Structures are given as C-alpha cells and as structure tokens.
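Not measured: the values here are computed from a predicted model. Quick note: numbers below take in every heavy atom, side chains included, and nothing from hydrogens, waters or symmetry partners.
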Amino acid sequence: MKPTFLAGAMLLGLASSAFGADAIIDEVVVVDTAYNWSGVYVGAQVGYAWGDSDVDFSDIPVTSNPEPNGILGGAYLGYNAQLSNGIVVGVEGDFAFTDLHDSDGLTAPAPLPGQSFEVDVNWTAAVRARLGYAVGRFLPYLAGGVAFADVDHEGFSAPNASAGTGSDTFVGWTIGAGAEYAFTDNLIVRAEYRYTDFGSEDYAATLNFPAHSVDLKTNDIRLGVSYKF
C-alpha cells in the first residue's frame, strides 16, 4: 500500500504544480496584453488638406470660389482617461502650419477676364473633446470641438494688380474620427480624418475693393505619432 500511496501523492503534487504553472502563465498573458490609455501624451503630425472658400461681394453680383489645398504639419498635446468599461474620454489641443493656397477668377455671372481672388491658410489649430472605446492596444475614437485658422486673401483687378487684401483669424468648429494603436506602453501611432467649418468673415469696402465676405471649409487626413507619459 505504501508504494501506491506514494505514487498517488506524487501524481497529485505534479497535477497541482501544473495547474499552478498554467494559472501563472494565464496571469502573465493577461497582464502582457492589457493596456491602459489613461495619461498625458504629446505628439507630432503631418497631413494633407483640401478646402472650399466662397467669396461673395455685398453690393455687386460678383462671386469667386477658391479651393485651397496643401500639406500641413504640427504638434498635439492631450490627456485621456480610461473608464472601467473600456470607454476612453479625453481632451486634446493641436496646432499645424499649413501651405493651403488657391486662386479663382471672379464671375459676375460671366467670368471677368484677368480678375481673380486668392486665399491662403497659414496655420490651423483646434481644441477637441475625444470619445473612444479601447480594444486592448487599439483605440477607435470620435473627436470634435472649436477650430481656428489664420487666413489671408487678396483680390486682383488684373494680373499682378492687387485691388485689396485682408487677413483674419477665423473661428469655427471641427469634427472627425480616427484610430490609434499603442505599439509599446509609450509609443502610439494614429490616423484620422476631420471636417472643419471655420465660419466666415466680413470685410468693409476699400478705395479699390468692394465690401465682401469670405468663408472657409476644409477636409484633411492626418497621421501622427505620440509619446504617452
């Protein structure tokens, strides 16, 4: 009976050891794959934007429709808080230098030969709230908030003959969607799309240029990489 008892005890001990090892392995796997999105992060971004700008003159039936487009690059800073159910909420600010530019002829309602209107966007910025759902290291999200743009414009009564200029900081709103992936606990990459309506600005008549209004709407695709502290 003693050999049988000893053999049974050894088998039970081996089974218990194996079960404990499995539990440790399972726990390590869970710890290794879990990721918490909470924290402050700072990143850099590049992208491409294309827009639409409607120009309307107050006292004469003249219009123009420049469509500024170009590249952008800048930085962003934000904070995320991950809730227990996987929802991630946050706030983010960003700034980007841009070279969006386009010019278009004046129409009244037929085209006016040699006359044109030019729009340039020098920089954009935004402060946005974010809402996402964490799937491990993958985070799809929506974002929206207030947006700003530094816009210059110039009208030409003939080629290279400036008739008037204007410059303002436009203020509007933005909304978009994107996705992030955490390659490490600190290194996060993202891709996102956003639509922005920067609103419009009115300009009084000058000696050579009638009163007019300018509005601006843009679409852009951005890629970014950030470091989470």
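Between Trp50 and Tyr193, the ring planes lie tilted relative to each other; the angle falls in the 30° to 60° range. Below 30°, between 30° and 60°, or above 60°: for Phe209 and Phe57 the angle between ring planes is above 60°, a perpendicular geometry. Classified by interplanar angle (parallel below 30°, tilted 30° to 60°, perpendicular above 60°), the ring pair His212/Tyr203 is parallel.
If you take OG1 on Thr165 and CG on Asp120, they are separated by 11.5 Å, rounding to the nearest 0.5 Å. Atoms OG and CD, from Ser167 and Glu154 in turn, are 11.5 Å apart once rounded to the nearest 0.5 Å. Between the OG atom in Ser162 and the CD atom in Glu118 there is a gap of 9.0 Å [rounded to 0.5 Å]. Of the inter-residue distances, the one linking Phe138 atom CZ with Tyr35 atom OH reads 14.0 Å to the nearest 0.5 angstrom. For the atom pair CZ (Phe148) and CZ (Phe198), the distance works out to 10.0 Å, reported to the nearest 0.5 Å. Note that CG of Asp94 and CD of Gln45 are 5.0 Å apart. Values are rounded to the nearest 0.5 Å.
Between the side chain of Asn65 and the main chain of Ser53, a donor-acceptor pair closer than 3.5 Å is present. Listed for the Trp37 side chain is no donor-acceptor partner under 3.5 Å among the backbone atoms of Val89. A donor-acceptor pair is defined here as one N or O able to donate and one able to accept, closer than 3.5 Å; such a pair exists between the side chain of Ser64 and the backbone of Asp104. In terms of modelled atom types and a separation under 3.5 Å, the side chain of Asn69 and the main chain of Ala49 share no donor-acceptor contact. In this structure, Ser38 contributes its side chain and Gln82 its backbone to a donor-acceptor pair below 3.5 Å. For the pair Asp168 (side chain) and Phe170 (backbone), a donor-acceptor distance under 3.5 Å is absent.
In this structure, Thr218 and Asp220 approach most closely via the heavy-atom pair OG1-OD2, 4.2 Å. A pairwise comparison of heavy atoms in Ala96 and Leu72 identifies CB-CD1, 4.2 Å as the closest pair. When every heavy atom of Ala134 is checked against every heavy atom of Leu139, the shortest pair comes out as N-CD1, 3.7 Å. Across all non-hydrogen atoms, the minimal contact from Gly70 to Leu100 is N-CG, 3.9 Å. The two residues Ser157 and Gln115 have their closest heavy-atom pair at O-CG, 3.2 Å.
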Scan the side chains in residues 179-186 for donor-acceptor partners under 3.5 Å anywhere in the protein, sequence neighbours excluded, and list what turns up.
from	atom 1	to	atom 2	distance (Å)
Glu180	OE1	Arg130	NH2	3.3
Glu180	OE2	Arg190	NE	3.0
Glu180	OE2	Arg190	NH2	2.8
Thr184	OG1	Asn186	N	3.1
Thr184	OG1	Leu187	N	2.9
Asp185	OD1	Arg137	NH2	3.0
Asn186	ND2	Lys228	O	2.8

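Criterion: ILVMFWY side-chain heavy atoms under 4.5 Å apart, direct or through other members. Under it, Tyr133 and Leu131 are part of a common hydrophobic cluster. No single ILVMFWY cluster, assembled from side-chain heavy atoms under 4.5 Å apart, contains both Leu142 and Leu83. Connection of Leu223 to Ile188 is not established within any shared hydrophobic cluster, with ILVMFWY side chains joined at heavy-atom distances below 4.5 Å, either directly or through further cluster members. The hydrophobic cluster containing Val146 does not contain Tyr76, counting ILVMFWY residues as joined when their side-chain heavy atoms lie under 4.5 angstrom apart, directly or transitively. Hydrophobic clustering of Ile, Leu, Val, Met, Phe, Trp and Tyr side chains at less than 4.5 Å, counting indirect connections, unites Val214 with Leu112.
Summarising the local packing, CZ of Phe97 is surrounded by 12 or fewer heavy atoms from other residues, nucleotides or ligands at distances under 6.0 Å.
When each of Ile175, Asn219, Thr174, Leu216 is paired with Thr196, the side-chain contact (heavy atoms from CB on, under 4.5 Å) condition holds for Thr174 and for no other.
Electrostatic pairing of Lys217 and Asp54 does not count as a salt bridge here, judged by no charged N lying under 4.0 Å from a carboxylate O.
Ring pair Trp173/Tyr195: centre-to-centre distance below 6.0 Å.
Hydrophobic cluster membership of Tyr79, counting Ile, Leu, Val, Met, Phe, Trp and Tyr whose side-chain heavy atoms lie under 4.5 Å apart directly or via other members: Val40, Val42, Leu77, Tyr227, Phe229.
A donor-acceptor pair shorter than 3.5 Å cannot be found between the side chains of Asp56 and Thr63. Between the side chains of Tyr141 and Glu192, a donor-acceptor pair is found at a separation under 3.5 Å.
Counting only heavy atoms from C-beta outward, the side chains of Asn122 and Asp152 approach each other to under 4.5 Å. By the 4.5 Å heavy-atom criterion applied to side chains, Phe95 and Trp123 are counted as neighbours.
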Exercise. Going through the checks in order, is the side chain to side chain contact (heavy atoms under 4.5 Å, CB included) test met by Ile221 and Tyr48?
Worked result: CA-CA 6 Å; Ile221 301 292; Tyr48 180 80; 5.6 Å; no
